[in-house]
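In what follows, chains carry the letters A, B, and so on, assigned in the order in which the sequence lines appear, proteins first and then strands, with residues in each chain numbered from 1.
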Number of protein chains: 2
Amino acid sequence: MARLPIYLRALQALQDRGILTVSSEHLASAAGVNSAKLRKDLSHLGSYGTRGVGYEVEYLVYQISRELGLTQDWAVAIVGIGNLGRALANYGGFGTRGFRIAALLDADPAMVGQSVASLDVRHIDNLEAVVRSEGVSIGVITTPAAAAQGVATRFVEAGVASILNFAPVVLNVPDGVDVRKVDLSIELQILAFHAQRRADGDGRNAERAGLELT
Amino acid sequence: MARLPIYLRALQALQDRGILTVSSEHLASAAGVNSAKLRKDLSHLGSYGTRGVGYEVEYLVYQISRELGLTQDWAVAIVGIGNLGRALANYGGFGTRGFRIAALLDADPAMVGQSVASLDVRHIDNLEAVVRSEGVSIGVITTPAAAAQGVATRFVEAGVASILNFAPVVLNVPDGVDVRKVDLSIELQILAFHAQRRADGDGRNAERAGLELT
DNA sequence: ACGTGCTTGTGAAAGCACGCACAAAGTGGG
DNA sequence: CCCACTTTGTGCGTGCTTTCACAAGCACGT
């Protein structure tokens with residue numbers, strides 16, 4: 001389920017506050033979901049709750065981490081060391097969650113050799129070698145749109161079956177390869193869409209109110 | 001619908017290649033969706049296609065832009081000028097799509113006054129004033145998790161009803177306020193989850209095959 | 001030992017999204 | 001003018017997701 005990471009984060013926040021057990025109602029509101037949904041999600045992992053009490057925070061953290069595969073560590077390669085690539089490389093929240101930035105790659109010779117987040121940027125031609133030597137299993141693409149498909153294909157051919165794509169293109173990959181897309185501009189457009197619907201609705205209501213007054 | 005921005009991007013790519021009309025089948029494969037779904041989505045905006053021919057690219061771009069509210073321009077304020085905030089400020093893809101970065105805000109006095117993407121970083125205390133003077137209607141939060149809720153509340157009180165949140169917390173906002181969340185670490189966790197399921201499945205199959213051979 | 005009060009886990013209903021498959025509608029050639 | 005071909009728009013069945021509502025189960029005070 002795509003919601004497990006959210007639960008995990010909420011649980012870790014509770015853990016930091018020293019809370020030992022939590023009810024589904026509580027955890028659900030912290031995660032922003034319905035409590036029945038949360039209970040059903042958790043019941044798919046097994047019965048880890050105690051009726052009348054709730055869930056033991058620490059045990060649940062462990063179970064969800066295991067289910068998500070965070071007990072092992074995943075080597076991540078980032079291709080495209082622009083502003084966004086650098087921001088990701090410097091983002092501290094990965095290491096603590098089982099993810100290790102194993103390599104930074106770029107096509108620009110001026111970028112190669114620079115040190116970013118205590119890693120040397122290497123040339124994209126080394127992609128296959130890096131994937132093999134570092135055991136990379138997750139690829140992150142932060143290149144311009146035009147370069148993204150090529151990088152994705154090389155990742156796939158090198159054996160990387162999980163790709164996180166920040167470039168604004170739909171990637172074409174074989175079955176069995178998992179691509180997730182994050183598009184900042186699309187998020188803004190969706191917000192604008194809802195904002196306009198709100199405004200349109202207000203406008204229409206105002207008009208109608210006006211008409212009714214005449 | 002959340003898919004309209006994807007269609008729009010695909011259409012603009014077609015437009016750049018000088019293509020004048022497109023069939024639902026074609027556009028759907030470019031956008032990575034089923035053609036029936038695409039036709040149903042488009043039919044909700046009205047009947048803009050011609051049977052036997054397809055859709056006129058330019059007209060469809062205009063209609064979707066209008067539906068998304070991209071014909072007006074939206075002022076965006078970014079709070080939290082760390083690596084990610086800077087990356088967003090420098091990202092060029094916004095201006096061309098009706099979004100204008102109107103202000104950059106940060107709580108750190110050392111950051112205030114610096115120039116990022118030809119904008120002066122201003123202190124967070126000016127949030128309400130900036131929202132009013134620039135007509136900000138979309139707020140982007142790229143602060144650390146601990147500061148995010150406070151910023152969100154100030155945005156809401158200043159009249160901003162659309163928030164894009166990159167901080168790893170669930171924001172608490174009143175009804176009528178639209179929050180979208182982008183969490184890089186969660187995306188990686190979902191990829192890891194699927195990767196592990198693939199691996200587990202392989203393992204189980206291998207085991208079963210092994211057992212069947214004994 | 002027993003009842004009271006909470007909380008989980010889940011059956012059942014409702015809602016929704018997806019995709020097939022086809023009728024309606026337009027185009028172009030003969 | 002008609003026919004064959006293409007493509008849109010949509011009715012309908014199917015399966016998944018979400019939500020409600022409640023029985024089963026556990027802890028605690030008496």
*For each nucleotide in nucleotides 16-22 of chain D, reading 5' to 3', give B when a protein heavy atom comes within less than 4.0 Å of its base, S when such contact involves only the sugar-phosphate, and - otherwise.*
--SBBB-

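Within 4.0 Å of Ser47(A), counting heavy atoms only, lie sugar-phosphate atoms of the nucleic acid but no base atom.
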*Could you give me the CA-CA distance, side-chain angles and deciding distance for Thr142(A) and Arg86(A), then say whether side chain to side chain donor-acceptor pair (under 3.5 Å) is met?*
CA-CA 9 Å; Thr142(A) 51; Arg86(A) 254 191 293 273; over 6 Å; no

*Begin with the C-alpha distance, continue with both residues' side-chain angles, and end with the deciding distance and a verdict on side chain to side chain donor-acceptor pair (under 3.5 Å) for Glu25(B) and Ser29(B).*
CA-CA 6 Å; Glu25(B) 206 79 41; Ser29(B) 85; over 6 Å; no

_Criterion side chain to side chain donor-acceptor pair (under 3.5 Å) on Asn83(B) and Tyr91(A), from CA distance to verdict_ = CA-CA 8 Å; Asn83(B) 287 304; Tyr91(A) 178 50; over 6 Å; no

_Please determine whether side chain to side chain donor-acceptor pair (under 3.5 Å) holds for the pair Gln149(B) and Thr153(B), giving the CA-CA distance in whole Å, both sets of side-chain angles, and the decisive distance to 0.1 Å._
CA-CA 6 Å; Gln149(B) 179 62 60; Thr153(B) 304; 3.2 Å; yes

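Annotation for Tyr62(B): atom OH does not count as buried by contact number, only 12 or fewer foreign heavy atoms lying within 6.0 Å. Enclosure of atom CD in Glu58(B) is not indicated, since only 12 or fewer non-hydrogen atoms of other residues, nucleotides or ligands lie within 6.0 angstrom.
The shortest heavy-atom contact between Ala167(B) and Ala145(B) is CB-CA, 4.1 Å. Nearest approach of Ile190(B) to Pro5(A), heavy atoms of both residues: CG1-CG, 4.1 Å.
A salt bridge (charged side-chain N to carboxylate O under 4.0 Å, His left out) with Asp183(B) holds for exactly one of Arg3(A), Arg9(A), Arg180(A); it is Arg9(A).
Every side chain to side chain contact (heavy atoms under 4.5 Å, CB included) that Ile6(B) has, sequence neighbours left out, goes to Val170(A), Ile186(A), Ala31(B). Every side chain to side chain contact (heavy atoms under 4.5 Å, CB included) that Thr50(B) has, sequence neighbours left out, goes to Val53(B).
With rounding to whole Å, Leu38(B) atom CG is found 9 Å from dT8(D) atom P.
Within residues 48-62 of chain A, the residues that place at least one heavy atom under 4.0 Å from DNA chain D are, in residue-number order, Thr50(A), Arg51(A), Gly52(A), Val53(A). Residues from residues 8-29 of chain A with heavy atoms under 4.0 angstrom of DNA chain D: there are none.
Remark: aromatic rings of Tyr55(A) and Tyr48(A) are distant, center separation not under 6.0 Å.
For the pair Val61(A)/Leu14(A), no side-chain contact is recorded, criterion being any heavy-atom separation below 4.5 Å from C-beta on.
Here chain B contacts DNA chain C (any atom closer than 4.0 Å to a heavy atom, that is under 4.0 Å), and the contacts span dC18(C) to dT27(C) from 5' to 3'.
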